Asks: 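Handing you a structure now.
These numbers come from a predicted model, not from an experiment.
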Amino acid sequence: MFLTESKIKKLYSEYKKKGTELYQKNKLPLSLRYWQAAAYTAYTFYLEDTDAEIEEGLHRFSEQIDTKHVADCSSDRCVFYDAHSNDKGALTQQYIRAIFEAGWKMLYITEKPKPDSKFLPILKELEQHSDRVTIQYLPSQIIGKERLQLIYDSVVNWGGDKLFMHLYPWSVYAVATFQVLPSSITRYHINHTDHTFWAGVSCVDYNFEFREYGCNVSFHHRGIDASKLLLMPFYPIESDDAFIGFPFDTEGKIIVFSGGGYYKTFDEHDTYLHICKNLIDADPRVNIVYAGLGDKIDFQNRLLKNGITERFHLLGFRKDLSAIYEHSDFYLNTYPINGGLMCSFAAMHAVPILAYYSGENVRAESIVCQIGNVEISSSSIGELTDKAKSLFDDEDKRRAYGESIRACSIMHSQFNKFFRLSVATGKTQFPFTIDKDFVKPDLNRPAKINMINSGKAYQKNLVRILGYSELIFTHPTIAVEAVIWRGRTLLKKMTK
């Protein structure tokens, strides 16, 4: 199925309708899968920031939970519910380390049925605190009402007065369960997806946001009161993977690093690639290296279209991000969608950041300047290029600029301190402004749809959510496309 905006919105409505119909037929596990598909669709294509129909649809499942037994709540105990459990992914490690330092006993619930390679580093950290941490896995074979009850009983019986929710935007079981927890348990949602949809607004007592932009989206578009928003900037988790090099001789070169999902660089004017072209033309020593994933053929075609035929290198996915920064002279922020984590890494490594702010995107300063101020963003492509040129041959000035950015950024000890204060007081420790004239930047849905049509990732993940047997009857084209996509992926791996 070639996806268009109208087809996507039709699918979205169909999934919600099907979820309701299956619930009425008491087919709870399958109904939840359709609500999950709806939430995943809204997240992927920026359809909503919240959806009352999804929140209300999931609330029906709360009625299936036996909520009669309530344990006493202790202030020295908490639950951390983690849908991710991935090393250096999302914000798991930042928050569990802060909890360790706070000294609370923690029940760590992971949606994984057993440890996998991505979870092992986190598991190792948890086991180092085995006297204060209990780990619970959620078996994959437990579904429907039984899974809801298991999650509820686990949280309530632990006896803590705090729940930290680190969810996927489509964590439907968690949302349905947490809607009906006793009021003696305070529910803190860790929002690391501030630019698009996530389910769970209905079960948030406090919302941790990592930048002011997210505070404004949650206030204006999700209806969360400003008093419930806790601004909590994060620091990146370092990688200890050894540097595997660049695909060219770097001697005498100026290395400009950039990265993130390719879709972050898509707009109708190819603004990001115009910036890259200006930098490449500004100095024959400039080489741009880009780490990230997406449709490589499409990206290469865009490079050619914009006259970039050399000195731009697509690195693909790289685990050695920390090492790449250590071997780079600059970090170039993506446009129109900023790289939050990538900018944070640049700040941590004192790498000078080049960023373009058009008035329609988010300032890089809002991501990395939490405890100080430094001017980073340029208001025109020419200004950005001139700024870069002024730093190319002045190593002292370049180093001072990078250090000034690092000095403005939060580090782990400060994160831990402000996290504890936020929880203790119920008030944000970082001031933020709710802009009455806030307009959410355009996230360029057409570009995202084009990327999905090229790569079929959405179709593949729908199969994971709904299953082949369900899709083959309801949306056979999607099922077939996913099979073909998976087959091509496996073939590529086998022929490498």
Asks: Specify the closest pair of heavy atoms between Y235 and M411, including all atoms of both residues, with the distance to one decimal.
Replies: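 Heavy-atom minimum between the residues: CD2-C, 4.1 Å.
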
Asks: Let me confirm one number: the CD1-OG1 distance from I122 to T92, rounded to the nearest 0.5 Å.
Replies: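 Output value for this atom pair is 4.5 Å.
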
Asks: Do D82 and Y108 have a side chain donor and acceptor closer than 3.5 Å?
Replies: yes

Asks: Indicate yes or no: does D283 engage K389 in a salt bridge with an N to O separation below 4.0 Å.
Replies: no

Asks: Under a 4.0 Å N-O cut-off, is there an ion pair linking K305 with D298?
Replies: no

Asks: Would C78 and L163 satisfy side-chain contact (heavy atoms from CB on, under 4.5 Å), going step by step from the backbone distance to the final call?
Replies: CA-CA 6 Å; C78 71; L163 165 67; over 6 Å; no

Asks: A side-chain contact here means heavy atoms from C-beta on lying under 4.5 Å apart; do I237 and R97 qualify?
Replies: yes

Asks: Are R399 and D396 within salt-bridge range, i.e. N to O under 4.0 Å?
Replies: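 Yes, charged N to carboxylate O under 4.0 Å.
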
Asks: Could you tell me the separation between the NZ atom of K436 and the CG atom of N216, rounded to the nearest 0.5 Å?
Replies: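 With rounding to 0.5 Å, NZ (K436) is 12.5 Å from CG (N216).
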
Asks: Is any side-chain N of the basic residue among K118 and D87 closer than 4.0 Å to the acidic one's carboxylate O?
Replies: no

Asks: Look at the rings of H129 and F100 and say which category their plane angle falls in: under 30° parallel, 30 to 60° tilted, over 60° perpendicular.
Replies: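 H129 and F100: parallel rings.
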
Asks: Quick one, L3 and Y458 - any side-chain contact, counting heavy atoms below 4.5 Å?
Replies: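 Of all side-chain heavy-atom pairs linking Y458 with L3, at least one is under 4.5 Å.
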
Asks: Tell me if a side-chain donor or acceptor on H195 pairs with a main-chain N or O of Y213 at a distance below 3.5 Å.
Replies: no

Asks: Go through the side-chain N and O atoms of Y356 and N361 and say whether any donor and acceptor fall under 3.5 Å apart.
Replies: no

Asks: Determine yes or no for a side-chain-to-main-chain donor-acceptor pair under 3.5 angstrom, with S258 supplying the side chain and L332 the backbone.
Replies: yes

Asks: More than 12 foreign heavy atoms under 6.0 Å from NE2 of H412: is that the case here?
Replies: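 Check fails, neighbour count at 12 or below.
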
Asks: Are the side chain of E209 and the backbone N or O of M232 linked by a donor-acceptor pair below 3.5 Å?
Replies: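 Pair absent, no side-chain N/O of E209 close to backbone of M232.
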
Asks: Answer yes or no: are there more than 12 heavy-atom neighbours, outside Q300 itself, under 6.0 Å from its atom CD?
Replies: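 For Q300, atom CD is crowded (more than 12 foreign heavy atoms under 6.0 Å).
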
Asks: Taking the side chain as everything from C-beta on, heavy atoms only, tell me whether E238 gets closer than 4.5 Å to L321.
Replies: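 A side-chain contact is absent here, since even the closest heavy-atom pair is not under 4.5 Å.
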
Asks: Is K105 paired with D76 through a side-chain N to carboxylate O contact shorter than 4.0 Å?
Replies: no

Asks: Between R211 (side chain) and P233 (backbone), is there a donor-acceptor pair under 3.5 Å?
Replies: no

Asks: Please report the shortest heavy-atom distance between A282 and T385, naming the atom on each side.
Replies: CB-CG2, 4.0 Å

Asks: For the pair H192 and H166, evaluate ring pair (Phe, Tyr, Trp, His ring centres under 6.0 Å) and give the outcome as yes or no after the intermediate values.
Replies: CA-CA 9 Å; H192 55 86; H166 191 229; 5.1 Å; yes

Asks: Determine whether a donor-acceptor pair (N or O, by modelled atom type, separation under 3.5 Å) exists between the side chain of N338 and the backbone of G340.
Replies: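 Not a single qualifying donor-acceptor pair exists.
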
Asks: Answer yes if the side chains of S85 and T110 hold a donor-acceptor pair under 3.5 Å, and no otherwise.
Replies: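 Yes.
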
Asks: Does any donor atom in the side chain of Y81 or E111 lie under 3.5 Å from an acceptor atom in the other side chain?
Replies: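 A donor-acceptor contact under 3.5 Å links the two side chains.
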
Asks: Could you tell me whether R406 and E403 make a salt bridge, using a distance below 4.0 angstrom between a side-chain N and a carboxylate O?
Replies: yes

Asks: Answer yes or no: is there a side-chain heavy-atom contact under 4.5 Å between F80 and I96?
Replies: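 They are in contact (side-chain heavy atoms under 4.5 Å apart), so the answer is yes.
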
Asks: Does L304 CG have over 12 foreign heavy atoms under 6.0 Å away?
Replies: yes

Asks: For the residue pair Y325 and H349, categorise the inter-ring angle as parallel (less than 30°), tilted (30 to 60°) or perpendicular (more than 60°).
Replies: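 Because their plane-to-plane angle is under 30°, the rings of Y325 and H349 count as parallel.
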
Asks: Can you label the angle between the F312 ring and the Y290 ring as parallel, tilted or perpendicular, going by 30° and 60°?
Replies: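 Parallel, since the angle between the ring planes stays under 30°.
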
Asks: Do any N or O atoms from the side chain of T334 and from the backbone of I337 form a donor-acceptor pair under 3.5 angstrom?
Replies: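 Yes.
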
Asks: If you define the side chain from C-beta out and look only at heavy atoms, does anything of L341 sit under 4.5 Å from F234?
Replies: yes

Asks: Evaluate side-chain contact (heavy atoms from CB on, under 4.5 Å) for L384 paired with I381, printing each intermediate quantity in order.
Replies: CA-CA 5 Å; L384 183 151; I381 297 176; 5.6 Å; no

Asks: Return the orientation label for the F392 and F330 ring planes: parallel under 30°, perpendicular over 60°, tilted otherwise.
Replies: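 Geometry flag for F330 against F392: perpendicular rings.
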
Asks: Between D49 and K440 (salt bridge meaning N to carboxylate O under 4.0 Å), is one present in this structure?
Replies: yes

Asks: Do you know which of I244, L315, V351 makes side-chain contact (heavy atoms from CB on, under 4.5 Å) with I324?
Replies: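 Passing option: L315.
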
Asks: State whether R398 and D394 are salt-bridged, where the test is any N-O pair (Lys NZ or Arg NE/NH1/NH2 against Asp/Glu carboxylate O) under 4.0 Å.
Replies: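 D394 and R398: not salt-bridged.
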
Asks: Between E101 and K417, does at least one N-O distance fall below 4.0 Å, as a salt bridge requires?
Replies: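 Not counted as a salt bridge, because no side-chain N and carboxylate O are separated by less than 4.0 Å.
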
Asks: Assign the ring pair Y40 / Y43 to parallel, tilted or perpendicular, where the plane angle (0 to 90°) is split at 30° and 60°.
Replies: tilted

Asks: Side chain of K387, backbone of I376: donor and acceptor closer than 3.5 Å?
Replies: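 Between the backbone of I376 and the side chain of K387 there is a qualifying donor-acceptor contact (under 3.5 Å).
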
Asks: Please work out whether the ring planes of Y206 and Y188 are parallel, tilted or perpendicular, with thresholds of 30° and 60°.
Replies: parallel

Asks: Quick check: do I288 and F257 have side-chain heavy atoms less than 4.5 Å from each other?
Replies: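 I288 does not reach F257 side chain to side chain.
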
Asks: Are any side-chain N or O atoms of T44 and backbone N or O atoms of T41, one a donor and one an acceptor, separated by less than 3.5 Å?
Replies: no

Asks: How are the rings of Y95 and F415 set relative to one another: parallel (under 30°), tilted (30 to 60°) or perpendicular (over 60°)?
Replies: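 Ring orientation of Y95 relative to F415: perpendicular.
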
Asks: Does atom CD of E395 have more than 12 heavy-atom neighbours, drawn from other residues, nucleotides or ligands, at distances under 6.0 Å?
Replies: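 Incorrect, the count does not exceed 12.
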
Asks: Would you mind reporting whether K277 and N306 have side-chain heavy atoms less than 4.5 Å apart?
Replies: no

Asks: So L354 and S378, do their side chains get closer than 4.5 Å, heavy atoms only?
Replies: no

Asks: Can a donor-acceptor pair be found, under 3.5 Å and without considering hydrogens, that links the side chain of E365 to the backbone of N373?
Replies: no

Asks: Is the backbone of W104 close enough, under 3.5 Å, to the side chain of R77 for a donor and an acceptor to pair up by distance?
Replies: no

